[in-house]
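These numbers come from the heavy atoms of this one structure, side chains and all, not from hydrogens, waters or symmetry mates. Proteins come first, then strands; the chains are lettered A, B, ... in the order of their sequence lines, and each starts at number 1.
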Protein chains: 2
Amino acid sequence: MTTSGSEQLLRGAGLRVTRPRTAVLDAVHAFPHADTESIIGAVRRGLPEVSHQAVYDSLAALTEAGLVRRIQPSGSVARYESRINDNHHHVVCRTCGAIADVDCAVGHAPCLTASDDSGFRIDEAEVIYWGQCPACSTASAQQ
Amino acid sequence: MTTSGSEQLLRGAGLRVTRPRTAVLDAVHAFPHADTESIIGAVRRGLPEVSHQAVYDSLAALTEAGLVRRIQPSGSVARYESRINDNHHHVVCRTCGAIADVDCAVGHAPCLTASDDSGFRIDEAEVIYWGQCPACSTASAQQ
DNA sequence: CGCGTTTTCTTGAACGAGTCAAGAAAACGC
DNA sequence: GCGTTTTCTTGACTCGTTCAAGAAAACGCG
């Protein structure tokens with residue numbers, strides 16, 4: 001993802017193009033599932049003076065515009081990713097918190113339809129698989 | 001759920017039986033999906049002097065023992081429920097945060113198997129449906 | 001029942017992700 | 001360029017949750 005590509009995305013979404021925003025969007029592309037603090041760090045490598053608030057604001061604007069997606073498994077801080085609109089899910093390591101992408105199990109439908117929606121108008125189904133990543137799984141098996 | 005029933009559950013799980021714990025367990029049974037502050041309030045109706053820390057500790061012990069389940073949709077504080085071990089999921093209102101139970105879509109299997117687990121050893125699949133509850137849906141349709 | 005050990009509870013401080021607010025600076029349409 | 005609108009900087013602050021130390025309660029055992 002080049003900065004000019006990010007610029008295109010921002011304009012396309014009707015957002016003003018600012019240096020913090022392009023840098024944040026670049027960072028989310030570069031580091032999928034990064035938390036806000038990591039994103040602040042990545043942004044500051046190219047733009048040392050950005051305030052944390054600018055990053056928070058940018059992430060909120062980008063999320064609102066649908067350019068990034070915010071995920072937040074229980075017990076984790078907010079994380080962001082740029083893979084959007086493809087109905088993928090996540091697997092989270094209970095031990096170290098690592099996150100990996102998972103495509104929807106059976107095509108796209110089954111997880112999206114509740115058996116009884118209690119009258120709710122459902123627009124999204126979010127699936128989080130919990131378990132252990134390969135490294136933690138190996139580590140715990142060895143003792 | 002009577003207090004003596006809660007006592008049974010605690011003993012069965014190998015936990016010491018204390019007044020805060022039975023009260024917390026009762027409260028979680030009485031108010032499904034309640035957050036910690038609501039549980040503190042409910043517990044204090046019968047036990048006015050409990051500290052908030054005792055409630056936090058009790059909830060942690062009960063969660064650890066598998067007597068209650070902790071859920072925490074993005075943007076929400078921690079919530080607890082006593083319906084456990086039946087693989088049910090939740091639907092959350094984007095507008096007011098209301099939560100309702102949802103049985104798993106197709107029997108029990110489909111949501112539990114990732115198509116590609118990236119080497120993770122998965123032990124649970126958590127599904128959160130996002131949408132609007134009947135009340136908020138009606139309210140937003142009217143304007 | 002009483003005792004000692006272990007766990008839990010009380011009290012109060014602290015942490016940290018995230019938010020709020022006011023003014024300065026930057027973006028963008030004209 | 002210019003003016004309006006949005007965004008960014010700075011810094012304080014909120015609030016759910018956790019940490020820590022000592023007091024109190026639970027429970028196994030004699």
Length of the [atom1]-[atom2] vector between [X] and [N], whole Å:
X	N	atom1	atom2	value
D57(B)	dA20(D)	CG	P	13 Å
Q53(B)	dA14(C)	CD	C1'	12 Å
D35(B)	dT17(D)	CG	C1'	13 Å
I39(A)	dG18(C)	CD1	C1'	14 Å
Y56(A)	dT9(D)	OH	C1'	16 Å
R19(A)	dT9(D)	CZ	C1'	15 Å
E64(A)	dT6(D)	CD	C1'	15 Å
L15(A)	dT5(D)	CG	C1'	14 Å

Are D57(A) and R21(A) close enough, and set up right, to give a side chain to side chain contact (heavy atoms under 4.5 Å, CB included), and what steps lead you there? CA-CA 9 Å; D57(A) 285 353; R21(A) 285 185 178 173; over 6 Å; no
Nearest to side-chain heavy atoms of [X], which nucleotide of [options]:
X	options	result
T36(B)	dC9(C), dT17(D), dA17(C)	dT17(D)
S51(B)	dC9(C), dG18(C), dT17(D)	dC9(C)
H52(B)	dG12(C), dG18(C), dC9(C)	dG12(C)
P20(B)	dC9(C), dG18(C), dT18(D)	dC9(C)
R70(A)	dT10(C), dG18(C), dA26(D)	dG18(C)
R11(A)	dC19(D), dC28(C), dC8(D)	dC28(C)

Per nearest nucleotide of DNA chain D, the residue lying toward the 5' end, S58(A) or S76(B), is S58(A)
Side-chain donor-acceptor contact under 3.5 Å, S137(A) with R121(B): yes
**Q.** Ionic contact status for R69(B) with E124(B), cut-off 4.0 Å
**A.** yes
| Does a salt bridge link D103(B) with R83(B), judged by any charged N lying under 4.0 Å from a carboxylate O? | yes
Comparing nearest nucleotides in DNA chain C, the 5'-proximal residue of the pair R16(B), A54(B) is R16(B)
Result for 5'-nearest mapping on DNA chain C, choosing between V55(B) and T18(A), is V55(B)
Output for pair (E81(B) CD, H29(B) NE2), nearest 0.5 Å, gives 10.5 Å
I'd like to check F120(A) versus V92(B) (side-chain heavy atoms, cut-off strictly below 4.5 Å). Are they in contact? no
(message) Is the shortest side-chain heavy-atom distance between I99(A) and I71(A) below 4.5 Å?
(response) yes
The dot-bracket string of DNA chain D, counting Watson-Crick and G-U wobble pairs with both distances under 3.5 Å, using [ ] for crossing pairs and | for pairs to another strand, is ||||||||||||||||||||||||||||||
### Task
Give one of base, sugar-phosphate or nothing for A61(A), where a contact means two heavy atoms less than 4.0 Å apart.
nothing
Legend entry - S58(B) side-chain N/O to A54(B) backbone N/O, donor-acceptor pair under 3.5 Å: yes
- Item | Under 3.5 Å donor-acceptor pair, R21(A) side-chain atoms to dT7(D) base atoms | no
